[in-house]
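One structure is given here, and the rest of the page talks about it.
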Amino acid sequence: QKEVEQNSGPLSVPEGAIASLNCTYSDRGSQSFFWYRQYSGKSPELIMSIYSNGDKEDGRFTAQLNKASQYVSLLIRDSQPSDSATYLCASRGSTLGRLYFGRGTQLTVWP
Amino acid sequence: EPEVTQTPSHQVTQMGQEVILRCVPISNHLYFYWYRQILGQKVEFLVSFYNNEISEKSEIFDDQFSVERPDGSNFTLKIRSTKLEDSAMYFCASSEVLRVAGEQYFGPGTRLTVT
């Protein structure tokens with residue numbers, strides 16, 4: 001079974017702080033990893049993808065991948081109340097294959 | 001910016017009835033997916049579709065489910081005889097074949113309520 005595990009939270013940070021979200025995966029064959037943001041009652045919205053070890057930055061977001069430790073993380077700098085949502089981590093074993101989702105981490109950014 | 005669209009946004013049906021959920025993937029995407037999310041649970045894969053045939057399906061996607069690309073723009077999910085446990089949000093996603101990471105973009109979803 002290809003599991004993706006996330007701390008369900010809730011994670012609560014003040015506005016302007018760095019939010020750190022973590023994810024582990026069980027399948028060493030996983031090739032690509034994705035972070036989605038999901039507001040309550042809405043669909044997953046892609047934030048970032050990463051498939052090489054190391055860091056990938058996009059604006060206030062940084063994704064980190066460590067394949068040896070089977071660990072993926074997402075850092076959100078200068079957190080805003082509008083970042084309050086559930087963050088879903090997903091893995092994929094092959095290009096264009098199915099996504100395996102974690103249960104998500106609920107983030108609250110308070111003003 | 002191109003988006004995946006889905007109709008209807010909410011479908012209420014009685015147990016045993018057939019439902020068809022519709023999706024219009026992003027226009028230059030060639031790989032399509034259906035996922036579902038039962039309230040409070042994780043997003044689950046149902047089926048992927050490429051070149052007019054199913055590429056992969058999960059154990060959830062049994063004989064009650066079918067998918068079709070009836071024309072050049074629509075992608076549909078049919079549930080032949082709905083059960084109470086089919087109540088969920090159903091998301092369509094699409095992917096551009098040539099992207100290295102093959103990011104999948106999700107539509108807004110159809111909330112299916114089976115009574």
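Side-chain atoms are counted along with the backbone in the values below, which use heavy atoms only and exclude waters and symmetry mates. Reminder, nothing fancy here: chain letters follow the sequence lines and each chain counts from 1.
Counting only N and O atoms by type, the side chains of A/S49 and B/E103 include a donor and acceptor under 3.5 Å apart. Defined by atom type and a distance below 3.5 Å, a donor-acceptor pair is missing between the side-chain atoms of A/Q31 and A/R92.
With chain B as partner, the option from A/I50, A/T86, A/V4, A/L46 having the largest number of non-hydrogen pairs under 4.5 angstrom is A/L46.
Only the side chain of B/E56 comes within less than 4.5 Å of a heavy atom in chain A; its backbone stays farther off. Only the side chain of B/Y35 comes within less than 4.5 Å of a heavy atom in chain A; its backbone stays farther off. Contacts of B/Q6 with chain A are absent, with no heavy-atom separation under 4.5 Å from either backbone or side chain.
Classification of the B/F106-A/Y36 ring pair by plane angle, with boundaries at 30° and 60°, yields perpendicular.
Using a cutoff of 4.0 Å between basic side-chain nitrogens and carboxylate oxygens, A/D83 and A/R60 are scored as salt-bridged.
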